[in-house]
Protein chains: 2
Amino acid sequence: MAKKSQEEIYKQLRERICLLHYPPGAVLSENTLAVEFGVSRTPVRSALQRLEFEGLVTSMQGVGTIVASVDLKFLKEVYALRMKLAELVGDLARPRVPHGTIAALKELLEECRQMTDHYDPDAIARLYNDFHEEMLNVIGNEPLRVISNQLYYQTARIWLQILPDLDWHREVKLTCDEIAAVIEALENEDMRAVARVRRDYMSSFLSRINSYLASADSRERIGS
Amino acid sequence: MAKKSQEEIYKQLRERICLLHYPPGAVLSENTLAVEFGVSRTPVRSALQRLEFEGLVTSMQGVGTIVASVDLKFLKEVYALRMKLAELVGDLARPRVPHGTIAALKELLEECRQMTDHYDPDAIARLYNDFHEEMLNVIGNEPLRVISNQLYYQTARIWLQILPDLDWHREVKLTCDEIAAVIEALENEDMRAVARVRRDYMSSFLSRINSYLASADSRERIGS
DNA sequence: CGTATACAAGTTGTATACAGGTTGGATTAT
DNA sequence: ATAATCCAACCTGTATACAACTTGTATACG
């Protein structure tokens, strides 16, 4: 593969982790990655260390770099916090909606609608990542933006992990609805409404997770 | 100096930065630090990269690793966020106050009271760092704990930077008052009161910063 | 057959050598 | 004297060699 800088390697690895290309528990080898990216171990190590600081992997000497699994308690803590932070966005939003955001969201909405009849978890996960990136742009507080991003990637995998056991049509519809509701709120320049929408859909997702976990036989798929 | 692991080097450097031993704009050399800590550049680089991810330094090829300066806009954004997060602590606090916390705080309060007549910015900054560490322990939400810590260290230097131009007795008294108020709230197991106290004292500090900046001739001491 | 042990292969952590880049001062031309 | 140029010293970024550690396997032993 062509040479990539440390930042690109980081983003690539992060995407692979949150798209479950590297599932929780997967063992990564710095050497293998170095060969794949066409660089030495050094920049790969930098990227992995950053992922370790953010809690996505754990390096163990003599073993390897292991993709972290999202344990239930941590998942709930992150979501409890993200819901609170989502409300904060209403207070700390940019005064004006960044140019192009609404147009981008409308494209994503159109893409999402076309997914109804094509079961493709990978594709909708990518789409939701793009949606997330757009939503970051309306946050007017830089540290909050950074933190929201970190927290998102710490748990983004969960959806993909349980998606095979959920109702595909319903998940696609809910995603479309969320994007549409955000667009409407943005067109009204009502940032608190945006915040409310985001919080409500997080809450909805959390309750879907809980009912998923309630079905006993599927409890171990999240894995410790 | 005796060999230190990467984590220890990181904490040491972070403390030096937030105690202004390395003032904003200071140029650090990986080689020099490696010699001082008795290790090679590699673990020093790891520590510096972590500091860079957290926004405390900036590495520039051919130049060095420069201690970041806290610009005014960023400072206000961090404080706006920290005040909101402080309120969240009231909702996401531990059900019970960790054992030993109140005793530790009473010791800190006693130490602080003895500082009234001895002008020593370094000492009170260390004390407030210890206070901060104790306050982290009452946060019941792990990601919030991590984030609160990051945000604290991003702006902790500001106090020390302007302390020489503030009223020492008043600053010591305010610090004592904050610790005492937190102790009282903790003894009542009223976490929302703890959160309120913390927010109010942050707000108070922010207004002191603003009036400091209002005195025109001192405006450039924060530095770009 | 079961168990303990030694070891080989593979991994991360560290040290060192080299490449690429910046800066400030000496030097030279104007 | 002044301005432009060159270069040496220093820095970070990268590549590579080595040390320390873990683990599964083969082997010897009870």
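Please read all numbers here as calculations on a predicted model, not as lab measurements. Below, read A as the first sequence line, B as the second, and so on, with proteins coming before strands; counting in each chain starts at 1.
Distances shorter than 4.0 Å separate some side-chain N or O of Ser29(B) from OP1 or OP2 on dC11(D). Contact annotation: Thr65(A) reaches the phosphate of dT12(C) (side-chain N/O to OP1 or OP2, under 4.0 Å). Neither OP1 nor OP2 of dT16(C) sits under 4.0 Å from any side-chain N or O of Arg41(B).
Of the two residues near DNA chain C, Gly64(A) and Ser46(B), the one whose nearest nucleotide lies more 5' is Gly64(A). Taking the nucleotide of DNA chain D with the nearest heavy atom to each of Leu28(B) and Thr42(B), the more 5' of the two is matched to Leu28(B).
Between Glu8(A) atom CD and dG13(D) atom C1' there is a gap of 15 Å when expressed in whole angstrom units. In this structure, Gln49(A) places its CD atom 13 Å from P of dG13(D), rounding to the nearest Å. For the pair Gln6(B) CD and dT12(C) P, the interatomic distance rounds to 14 Å; values are reported in whole Å. Atom-to-atom, CD of Glu30(A) to C1' of dA17(D) comes out at 15 Å; the value is rounded to the nearest Å. Atom CZ of Arg45(B) is separated from atom P of dG13(C) by 16 Å (rounded to the nearest Å). At whole-Å resolution of the value, CD1 in Ile66(B) and C1' in dT22(C) are 11 Å apart.
Geometric assessment of Arg208(A) against the ring of Phe205(A) yields a negative cation-pi assignment under the 6.0 Å and 45° thresholds. The side-chain tip of Arg50(A) does not point at the ring of Phe53(A) from less than 6.0 angstrom away and within 45° of straight on.
Using modelled atom types, one finds no donor on one side chain facing an acceptor on the other under 3.5 Å when comparing Asp122(A) with His21(A). If you check the side chains of Glu178(B) and Tyr128(B), you find a donor sitting under 3.5 Å from an acceptor. Remark: the Ser46(B) side chain and the Gln49(A) side chain contain an N/O donor-acceptor pair separated by less than 3.5 Å.
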Check: protein-nucleotides 21-26 of chain D nitrogen or oxygen pairs below 3.5 Å:
none

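Minimum heavy-atom separation, Gly140(B) to Glu77(A): O-OE2, 3.2 Å.
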For a quick test of your reading: what N or O donor-acceptor pairs under 3.5 Å do the side chains of residues 91-103 of chain A make, sequence neighbours left out?
residue   : atom : partner   : partner atom : Å
Asp91(A)  : OD1  : Arg192(A) : NH1          : 2.2
Asp91(A)  : OD2  : Lys84(B)  : NZ           : 3.1
Arg94(A)  : NE   : Asn137(A) : O            : 2.6
Thr101(A) : OG1  : Pro98(A)  : O            : 3.1

